[in-house]
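In what follows, a structure is listed as structure tokens, so that the remarks can point back to it.
This is a predicted model, so every value here is computed, not measured.
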2 protein chains.
Amino acid sequence: MVDTKEKIRKAALKLFNEQGIDAITIRHIAKELDISHGNLQYHYKNTNDIILVLFNELNEGFSRFFTHRENSGQVTLEDFRHWVEILIEHIWQYRFIFLHFVEVTRRVPEIKTLYNSWDKAREEQFLLLFNTLIREGIFRDDIPPYIWKNLITQQYIMADFALSHNEIKMQLKGKKAVQYYGQVLFNQFYPYLTAKGRQQADKHQGIN
Amino acid sequence: MVDTKEKIRKAALKLFNEQGIDAITIRHIAKELDISHGNLQYHYKNTNDIILVLFNELNEGFSRFFTHRENSGQVTLEDFRHWVEILIEHIWQYRFIFLHFVEVTRRVPEIKTLYNSWDKAREEQFLLLFNTLIREGIFRDDIPPYIWKNLITQQYIMADFALSHNEIKMQLKGKKAVQYYGQVLFNQFYPYLTAKGRQQADKHQGIN
DNA sequence: AAAAAAATAGTACATTTGTACTAATGGTAG
DNA sequence: CTACCATTAGTACAAATGTACTATTTTTTT
């Protein structure tokens, strides 16, 4: 037996990513799956329910991904770059959320709460990471704390809205977008590097 | 005689900023103004028309603002900070565009074209500004060109989506939001400063 | 096998929205 | 004054949507 609920989530994710959340109703999703909208409604009362479930999926993905790299003692810049790329890939998978973040949070207020509570953990981890990289002589040690905090906010905004920027500007598709914005996100950290850090970065420098 | 067209734009801007573009139809705007929607339709066929006009208003504002500061030969960091603040204030004025940027460009494709063509000029001016600040010993001279270009992209994303971030996170109101995100935007440049530049910056440092 | 529960299809209806259209009003140029 | 044009109000209707509900079929449980 195929799990209808899962089929619905998959189809909804696809349609949301392609056409946005306003254009899509349960009727559209039902049509995509060739089932009745009455049936779909039996599983999820409306699109907002589905959006919430998909947001939780995204969150679980992130959590798995964060705890995964916790045990590593030392961090190279290359690790960090790789980490940023995976982050963006995740975001790409659920891009409708980020492309319509304000609408999403207005339509499903719980999402705002979820996002904000989960966010705090992310901040801690960032500061830890920064400190590690400072200790290893990769990041500069002459940056005041409020600038590090600023960098985290900056990093949030950039990660959350990079794909929106892509949408209104270049319109890179799939892998290309992930690559490009991975690079942009990573390059954010360049001026924070020490000479040693820059050497490491230049070794692996991608397109510019 | 009061200009009905202008009254409509004002009311639409207010409603869009308050409730977003999906929630608002010409009927809502008409109701806000106590005129018939038939009348409103006579002036603007639909909300997309109004959105386009408002976007052009925003653009004109930006253009005025850019050309204004062109003639100044020397640039201090304080000038620059002030400039960033005015930028954000502008954006706040027309925040519905930035809060729903993807939707806006999807509903009114011309806006994407307008944004992109106007964008190029902005890029030139940034590079010029950076070079001036480097020559004056305020910005570092050991940053490769692709990182400066990256910084411009970064600056776009940050400016365009700072208010979206505010919406899903802290929800600062009016002046508070403008102040906070002005600071965030300005702090982006901190690690690009020379020792001399940092001195200048610290003199006027705001909240942290 | 019978009963109960879960899943699916389909209907019904009030509301909203986009769009087009008609009618009335008011100012103004000739 | 009157004929014309711009402006305003209001009506009409099809399509889409949210929501609730019924009927049927399928699956599971006992």
Side-chain angles (χ1 to χ4, degrees), chain A residues 1-55 57 96-97 99-100 102-111, chain B residues 1-55 96-97 99-100 102-112:
Chain A
M1 186 207 69
V2 221
D3 188 347
T4 309
K5 269 192 156 68
E6 178 156 341
K7 277 201 309 185
I8 291 171
R9 287 196 298 271
K10 285 260 165 64
L13 179 60
K14 181 180 163 237
L15 292 178
F16 286 153
N17 279 342
E18 283 171 5
Q19 301 177 49
I21 59 173
D22 304 321
I24 300 301
T25 67
I26 45 170
R27 281 177 168 87
H28 292 119
I29 303 168
K31 195 164 193 183
E32 170 86 10
L33 289 170
D34 253 312
I35 63 176
S36 68
H37 74 275
N39 183 11
L40 205 152
Q41 205 170 21
Y42 171 77
H43 292 288
Y44 294 106
K45 229 180 70 186
N46 51 44
T47 47
N48 288 355
D49 278 14
I50 303 178
I51 290 172
L52 181 54
V53 173
L54 288 173
F55 183 80
E57 270 187 35
F96 84 92
I97 293 172
L99 291 174
H100 311 277
V102 173
E103 286 80 0
V104 164
T105 57
R106 284 192 184 171
R107 283 176 52 168
V108 192
E110 295 100 302
I111 287 185
Chain B
M1 186 208 68
V2 221
D3 188 348
T4 310
K5 268 190 156 70
E6 176 155 343
K7 276 201 310 187
I8 292 171
R9 286 195 299 271
K10 284 261 165 65
L13 179 60
K14 181 180 163 239
L15 292 177
F16 286 153
N17 279 344
E18 282 171 5
Q19 301 177 47
I21 58 173
D22 303 322
I24 301 301
T25 68
I26 46 171
R27 279 178 169 88
H28 292 120
I29 303 168
K31 196 164 193 181
E32 170 84 13
L33 289 170
D34 253 311
I35 64 176
S36 68
H37 74 275
N39 184 11
L40 204 152
Q41 206 170 19
Y42 171 77
H43 292 289
Y44 295 105
K45 228 179 73 185
N46 51 42
T47 46
N48 289 355
D49 279 14
I50 303 179
I51 290 172
L52 180 55
V53 174
L54 289 173
F55 184 81
F96 84 92
I97 293 172
L99 291 175
H100 310 277
V102 173
E103 286 80 2
V104 164
T105 56
R106 284 191 185 173
R107 282 177 53 167
V108 192
E110 296 98 301
I111 288 185
K112 199 182 291 193

Using only side-chain N and O atoms of [X], determine if any of them is under 4.0 Å from OP1 or OP2 of [N].
| X | N | value |
| --- | --- | --- |
| B/T4 | D/dT7 | no |
| B/H43 | D/dT8 | yes |
| A/N39 | C/dG10 | no |

Next on the checklist: On DNA chain C, does the nearest nucleotide to B/T47 precede the nearest nucleotide to A/Q41 from the 5' side, or the other way round? Give the residue.
Outcome noted: A/Q41

Next on the checklist: I want to confirm an ordering. Mapping A/R27 and A/G38 to their closest nucleotides on DNA chain D, which one lands closer to the 5' end?
Outcome noted: A/R27

Checklist entry - Of A/A23 and A/K45, whose nearest nucleotide on DNA chain D comes first from the 5' end? => result A/A23

Checklist entry - Can you find a donor-acceptor pair, distance only, under 3.5 Å between B/H37 side chain and D/dT11 base? => result yes

Checklist entry - Does A/E57 have any salt bridge (Lys or Arg N to Asp or Glu O under 4.0 Å) partners at least two apart in sequence or in another chain, and if so, which? => result A/R9

Rounded to the nearest Å, what distance is computed from the [atom1] atom of residue [X] to the [atom2] atom of nucleotide [N]?
| X | N | atom1 | atom2 | answer |
| --- | --- | --- | --- | --- |
| B/I26 | D/dT8 | CD1 | P | 15 Å |
| A/I51 | D/dG18 | CD1 | P | 11 Å |
| B/Y42 | C/dA24 | OH | C1' | 14 Å |
| B/K31 | D/dA9 | NZ | C1' | 16 Å |
| B/I8 | D/dA6 | CD1 | C1' | 14 Å |

Next on the checklist: Could you go through B/E32 and B/I24, starting from their C-alpha distance and side-chain angles, then the distance that decides it, and tell me whether this counts as side-chain contact (heavy atoms from CB on, under 4.5 Å)?
Outcome noted: CA-CA 11 Å; B/E32 170 84 13; B/I24 301 301; over 6 Å; no

Next on the checklist: When you compare the side chain of B/L33 with that of B/N39, does any pair of heavy atoms fall below 4.5 Å?
Outcome noted: no

Checklist entry - Touch check for B/I35, heavy atoms < 4.0 angstrom, all strands: base, sugar-phosphate only, or nothing? => result sugar-phosphate

